[in-house]
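Source: prediction; values computed, not measured.
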Amino acid sequence: TLIAYWQRAPSPEVSDFFSILEVCLQNFRYLGKRNIIRKIAAAFKFVQSTQNNGTLKGSNPSCQTSGLLSQWMHSTSSHEGHKQHRSQTLPIIRGKNALSNPKLLQMLDNTMTSNSNEIDIVHHVDTEANIATEVCLTILDLLSLFTQTHQRQLQQSDCQNSLMKRVFDTYMLFFQVNQSATALKHVFASLRLFVCKFPSAFFQGPADLCGSFCYEVLKCCNHRSRSTQTEASALLYFFMRKNFEFNKQKSIVRSHLQLIKAVSQLIADAGIGGSRFQHSLAITNNFANGDKQMKNSNFPAEVKDLTKRIRTVLMATAQMKEHEKDPEMLVDLQYSLANSYASTPELRRTWLESMAKIHARNGDLSEAAMCYIHIAALIAEYLKRKGMFSMGWPAFLSITPNIKEEGDTPYNEVRPKLSHVQ
């Protein structure tokens, strides 16, 4: 039935179908045991304190429930207005206003009026976790079914099409919304299959999908759960190996650049670089060293070189952390790192953007603006050398003479120089 629906539905309707899946992922996300227990305990405490302070004095037990419900609903609706009219069919512990849910309050009242001293929290935690995992698996099944039945459409234009982007974005949402470690195992397995089916989506044409993939998987390498770290490291290794095979066993140029770029972004966004992340890098290296099929190729050396460069960036970042209260020293280190990637425009741009953020945070707006001018000059020069733009860096010379450095380095090296960082 679903396949028949997809076949006759117009493109906007198929896109809406994916929007529904994303809404499901958001609303049935895994909250974690602590959050679930905290919400139940808070609701239980409220009911107990309401009865203890005599708020419901003089009413019989059956009236106590309705009185408590109406009191709670009135207090929350006065703050939330029309928001309380939404559907109450979602799991009852979810959302900011979860404690106003009638089902939860009825359950708590029944617990109180039956003279029970404790609630079966473990049962509710398990129910919540199971619902979240079940929804996750259901959506993964639907995505798998969709990619099987729409493989030809997804492969159009070398996988660079709007339908592919829609499917990919839904896959990435699994990493952006909290999931249990159990669910994530299945997400990683599903993504391995997806990369196998559509390698050209990642290793050919624009690098947007490759970059987003590297960013989200690297973020999982810093996960609290050891099993998730191992799964993320395995997926990362698998991804690099696919890149190597796609390039006819010559190099992992694209994944190398996008991973370095992702690390640079995650340093600012998620503060990676601790023992968890180092452990994941070690696992990835071990996969490369133990892969017998790749033993006679230069792939293990490529992986080792990449992890070494990532560690170098992390070392430089550690230095930055030491000087985080010294804005000028911090920016100098950022500038040094940006210069070390002069031959790789995309990575240089990433670090210049990071510098701009630091300047803006410190209120140095003219310095932040200068960083963006350098980024603009860098892009203009790159486009000129590609024959896509008539003016290069000299267009910005009237603003600052320092702009010359954006035209000094030839863009003929794929990998960054590390001398400045070291």
Side-chain angles (χ1 to χ4, degrees), residues 140 143-144 146-148 150-161 163-165 167-169 171-172 174-175 184-221 229-263 280-310 344 346-347 412-416:
L140 283 175
L143 286 171
S144 178
F146 186 87
T147 54
Q148 284 175 22
H150 291 75
Q151 191 161 350
R152 186 177 297 174
Q153 293 95 313
L154 289 166
Q155 288 175 336
Q156 286 178 359
S157 304
D158 291 325
C159 296
Q160 305 300 322
N161 56 75
L163 187 61
M164 171 59 76
K165 182 76 166 62
V167 173
F168 176 78
D169 287 345
Y171 268 117
M172 291 300 100
F174 284 101
F175 294 133
L184 281 174
K185 285 182 181 178
H186 297 281
V187 175
F188 289 126
S190 188
L191 277 170
R192 281 195 293 272
L193 185 61
F194 187 72
V195 173
C196 255
K197 277 185 178 179
F198 309 104
S200 56
F202 301 96
F203 310 127
Q204 196 170 311
D208 298 348
L209 300 190
C210 183
S212 298
F213 183 92
C214 292
Y215 181 91
E216 296 298 342
V217 176
L218 276 176
K219 200 164 63 174
C220 291
C221 289
Q229 288 175 31
T230 304
E231 290 283 346
S233 302
L235 179 58
L236 195 63
Y237 176 77
F238 175 83
F239 188 72
M240 289 189 288
R241 179 172 166 169
K242 280 293 167 189
N243 188 188
F244 189 71
E245 291 171 353
F246 189 83
N247 288 341
K248 298 178 181 177
Q249 300 201 348
K250 291 180 181 177
S251 68
I252 55 169
V253 171
R254 174 162 292 196
S255 54
H256 180 112
L257 290 178
Q258 295 305 318
L259 284 167
I260 292 288
K261 183 184 175 186
V263 168
S280 295
L281 289 179
I283 291 173
T284 306
N285 257 332
N286 290 339
F287 278 128
N289 293 331
D291 194 338
K292 293 179 180 178
Q293 291 182 348
M294 291 288 162
K295 194 173 182 180
N296 296 324
S297 69
N298 64 333
F299 179 65
E302 293 254 357
V303 174
K304 187 178 180 180
D305 179 58
L306 173 59
T307 53
K308 181 182 176 182
R309 289 169 189 277
I310 290 174
T344 313
E346 196 171 358
L347 298 179
N412 56 3
E413 291 184 33
V414 171
R415 297 176 189 169

Next on the checklist: Going by side-chain contact (heavy atoms from CB on, under 4.5 Å), name the residues that satisfy it together with Ser200, two or more places apart in sequence or in a different chain.
Outcome noted: Cys159, Gln204, Phe246
Report the distance from atom [atom1] of [X] to atom [atom2] of [Y], rounding to the nearest 0.5 Å.
X      : Y      : atom1 : atom2 : answer
Leu235 : Cys220 : CG    : SG    : 8.5 Å
Ile260 : Cys214 : CD1   : SG    : 10.5 Å
Ile252 : Arg254 : CD1   : CZ    : 13.5 Å

Non-neighbouring partners of [X] that pass ring-ring contact (aromatic ring centres under 6.0 Å, His included), sequence neighbours left out:
X      : answer
Phe239 : Phe202, Phe203, Phe213
Phe175 : Phe188
His150 : Trp6, Phe146

Examine distances only and state if a side-chain atom of [X] and a backbone atom of [Y] form a donor-acceptor pair shorter than 3.5 Å.
X      : Y      : answer
Thr147 : Leu143 : yes
Asp158 : Gln160 : no
Asn243 : Ser251 : no
Thr307 : Lys304 : yes

Next on the checklist: Ser190: which residues meet the side-chain hydrogen bond (donor to acceptor under 3.5 Å, both in side chains) condition with it, sequence neighbours left out?
Outcome noted: Tyr171
If I compare all heavy atoms of [X] with all of [Y], which pair ends up nearest, and what's the gap?
X      : Y      : value
Leu218 : Leu236 : CD2-CD2, 3.9 Å
Cys221 : Ser280 : O-OG, 2.7 Å
Gln258 : Cys210 : CG-SG, 3.7 Å
Met164 : Leu209 : CG-CD1, 4.0 Å
Leu191 : Met172 : CD2-CE, 4.0 Å
His256 : Asp305 : CE1-OD2, 3.9 Å

In the structure I gave you, are the side-chain heavy atoms of [X] and [Y] within less than 4.5 Å of one another anywhere?
X      : Y      : answer
Lys197 : Gln155 : no
Val303 : Met240 : yes
Val187 : Leu140 : yes
Tyr215 : Lys261 : no
Gln148 : Ser144 : yes

Checklist entry - How far apart are the C-alpha atoms of Arg192 and Glu231, what are their side-chain angles, what is the distance that settles it, and do they pass the side chain to side chain contact (heavy atoms under 4.5 Å, CB included) test? => result CA-CA 11 Å; Arg192 281 195 293 272; Glu231 290 283 346; 3.8 Å; yes
Show the atom names and distances, to 0.1 Å, of all donor-acceptor pairs under 3.5 Å that link a side chain in residues 288-298 to residues at least two apart or in another chain.
unit_1, atom_1, unit_2, atom_2, d
Asn289, ND2, Asn285, O, 3.3
Asp291, OD1, Arg241, NH1, 3.3
Asp291, OD1, Gln293, N, 3.3
Asp291, OD2, Tyr237, OH, 2.5
Asp291, OD2, Arg241, NH1, 2.7
Gln293, OE1, Arg241, NH2, 2.5
Ser297, OG, Met294, O, 2.8
Ser297, OG, Phe299, N, 3.3

Checklist entry - Should we count NZ of Lys165 as having more than 12 external heavy atoms under 6.0 Å? => result no
